[in-house]
Amino acid sequence: MELMASERESFDLSGPLHLTYIDWDNMYHRKSVAASLVQGVYILEKDRQEQRQSVNALAPPWWAFFNFQLHSTLVDDVDSSIFGAIYEFNPPSSKCNDNLHRSPRYVIAFRGTITKADSVSRDIELDMHFVRNGLHQTSRAEVAIQAVRNMVASVGDTHIWLAGHSLGSAMAMLTGKTMAKSSIFIESFLFNPPYVSAPIERIKDKKVKHGLRIASSVITAGLTIAMKAKQQKKGLSSSFDSFDSLSAWVPCLFVNPSDPICSEYKGYFEHRRKMEEIGAGSIERLATQNSIGCLVMSAFGKESEPLHLIPSASLTVNLSPSRDFKEAHGIHQWWKPDLCLESKLYKY
């Protein structure tokens, strides 16, 4: 039976109550905890909007169930909405858990778009910044990056997780990539990360789909070579070199093929493998780090970086059937038991 909106916000009605013991070596457990903490950020903001406080607040069980405490919230300076939270893990000393060394000490989580009056206009504005590859230029991104830098400086990168869903996944991607450029590689859980591209993955005919991808790769690689030559001629440092430096960062991506917002990641990584198999790996290594839109903007002297493109990832695809887009894009799917999942590691 479909849960009402308010029921979906209640941990007791829709949370992973079956996870009474967390095996920190188990990826299902790890992703379920990460997804629940992201949901906690959504509910924190909804509690704020609905003025649900104290015993009426619905957010706390989403982290307290897993022995986390709310360390601090991240607030957007434009609309005062809560877009992120920093959680601190405080396991009870009475519990014996041999793999606590795999647990995080802190989790920095980011929510996605909330379609309610108090936050929707700002969230959609940021969605548009992402589409135009300008999310890094926003004040919300500055707050997020500074929060991560402060935590790393305080406790080190090995004790921190990043997590996000949808727009929040893009924010986690941005902060993770920013830190990776400084050789700080933070464990990251990105749920339904948005991918800016034509929905080629939705094409049923495999030959047509593969042909379109090859054509796109050849064009993108050609433009990349031209841009590199132009930058070298002007004596500028190449922005393309930074892609190699990111390859040691391997975020965990969780996508649903029925969700057009994130489904293209499946094709993005599979196409790279296929291009290697047909002997066109060198072309794809150039194409995979750039988008045609960003290259065109760079040609006109506008700063642009394709945030959604990454060299390496652990990609998990949910092959379980989804009833509709809402379910395919939703955060709730990622802690359901008995999911049909397919996971692959892609290294650049």
Side-chain angles (χ1 to χ4, degrees), residues 5-6 8-11 14-16 30-53 56-89 104-116 118-120 122-124 126-127 130 135 138-148 150-151 160-176 186-194 251-252 254 261 329-335:
S6 58
R8 291 173 66 82
E9 294 173 14
S10 168
F11 185 85
S14 63
R30 291 156 68 82
K31 76 169 174 59
S32 296
V33 172
S36 296
L37 295 179
V38 172
Q39 175 71 344
V41 185
Y42 276 107
I43 312 305
L44 270 169
E45 172 55 18
K46 289 179 180 177
D47 279 348
R48 185 190 74 86
Q49 292 186 21
E50 303 284 338
Q51 297 184 327
R52 298 185 300 228
Q53 299 175 354
N56 295 317
L58 295 178
W62 288 96
W63 57 80
F65 185 82
F66 303 107
N67 298 305
F68 283 86
Q69 293 179 346
L70 182 63
H71 177 274
S72 57
T73 57
L74 303 179
V75 177
D76 190 290
D77 64 340
V78 173
D79 66 354
S80 299
S81 66
I82 297 169
F83 73 89
I86 301 176
Y87 302 102
E88 182 177 5
F89 184 48
R105 184 173 169 190
Y106 292 93
V107 177
I108 305 172
F110 305 98
R111 67 165 175 84
T113 301
I114 293 179
T115 55
K116 297 216 171 192
D118 286 7
S119 54
V120 66
R122 175 61 170 163
D123 286 351
I124 289 178
L126 289 157
D127 288 331
F130 173 80
L135 189 63
T138 65
S139 59
R140 183 181 289 189
E142 290 175 8
V143 172
I145 291 170
Q146 193 56 53
V148 174
N150 290 344
M151 289 306 301
I160 297 174
W161 284 5
L162 292 174
H165 173 251
S166 195
L167 173 61
S169 202
M171 197 64 73
M173 177 86 77
L174 172 61
T175 55
I186 303 177
E187 189 156 3
S188 303
F189 298 81
L190 312 179
F191 302 97
N192 301 80
C252 299
F254 301 92
I261 290 175
H329 187 65
I331 188 73
H332 286 72
Q333 66 185 295
W334 297 113
W335 59 72

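Residue indices begin at 1 and follow the sequence shown. Predicted model, so just to flag it, every value in this text is computed and none were measured.
Put simply, the side chain of Trp335 gets close to the backbone of Ser14: a donor and an acceptor are under 3.5 Å apart. Looking only at distances, a side-chain donor or acceptor of Asp123 sits under 3.5 Å from a matching main-chain atom of Ile114. In this structure, the side chain of Ser81 does not engage the main chain of Asp79 through any donor-acceptor pair within 3.5 Å. No donor-acceptor distance shorter than 3.5 angstrom exists from the side chain of Trp62 to the backbone of Gly15, with no hydrogens or angles considered. Under a 3.5 Å cut-off, the side chain of Arg111 and the backbone N or O of Ile82 do form a donor-acceptor pair. For Asp47 (side chain) and Leu58 (main-chain N/O), a donor-acceptor pair under 3.5 Å exists by modelled atom type. A distance-only check finds a donor-acceptor pair linking the side chain of Tyr87 to the backbone of Leu37 [under 3.5 Å].
With no hydrogens or angles considered, no side-chain donor-acceptor pair links Glu142 and Gln146 at under 3.5 Å.
Shortest non-hydrogen contact noted between Pro251 and Leu190 is CB-CD1, 4.0 Å. When all heavy atoms are compared, the tightest approach of Leu70 to Ala85 is CD1-CB, 3.8 Å. Shortest non-hydrogen contact noted between Ala59 and Gly40 is CB-O, 3.9 Å. Nearest heavy-atom pair, Ile86 versus Ala147, reported as atom, atom and distance to 0.1 Å: CD1-CB, 4.4 Å. The two residues Pro16 and Phe11 make their nearest non-hydrogen contact at CD-CE1, 3.6 Å. When all heavy atoms of Ala109 and Val41 are compared, the pair lying nearest together is O-CG2, 3.7 Å.
Distance check, rounded to the nearest 0.5 Å: CZ of Arg52 to CG of Leu44 gives 10.5 Å. The CZ atom of Phe83 sits 6.5 Å away from the CG atom of Asp76 when rounded to the nearest 0.5 Å. A distance of 12.5 Å separates CZ in Arg140 from CG in Leu174, rounded to the nearest 0.5 Å. To the nearest 0.5 Å, atom CZ of residue Phe254 and atom NZ of residue Lys31 are 6.5 Å apart. Taking CD1 of Ile145 as the start and OG1 of Thr175 as the end, the distance is 7.0 Å to the nearest 0.5 Å. Considering CG of Leu167 and CZ of Phe130, their distance stands at 8.5 Å, rounded to 0.5 Å.
Side-chain contact between Phe89 and Arg105 is absent, with no heavy-atom pair separated by less than 4.5 Å. Under the 4.5 Å side-chain criterion, counting only non-hydrogen atoms from C-beta, Val33 is in contact with Phe68.
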Can you check side chain to side chain donor-acceptor pair (under 3.5 Å) on Thr73 and Arg48, steps first, answer last? CA-CA 12 Å; Thr73 57; Arg48 185 190 74 86; over 6 Å; no
Dump the intermediate steps for side-chain contact (heavy atoms from CB on, under 4.5 Å) on Ile261 and Asn192, then the final yes or no. CA-CA 7 Å; Ile261 290 175; Asn192 301 80; 5.9 Å; no
Is there a side-chain contact (heavy atoms from CB on, under 4.5 Å) between Phe66 and Ser36 once you walk through the steps? CA-CA 9 Å; Phe66 303 107; Ser36 296; 3.5 Å; yes
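Shown here are the side-chain hydrogen bond (donor to acceptor under 3.5 Å, both in side chains) partners of Tyr42, two or more places apart in sequence or in another chain: His165. Every residue two or more places apart in sequence or in another chain that forms a side-chain hydrogen bond (donor to acceptor under 3.5 Å, both in side chains) with Glu50 is listed here: Lys116.
For residues 160-173, there are no salt bridge (charged side-chain N to carboxylate O under 4.0 Å, His left out) pairs, not counting sequence neighbours.
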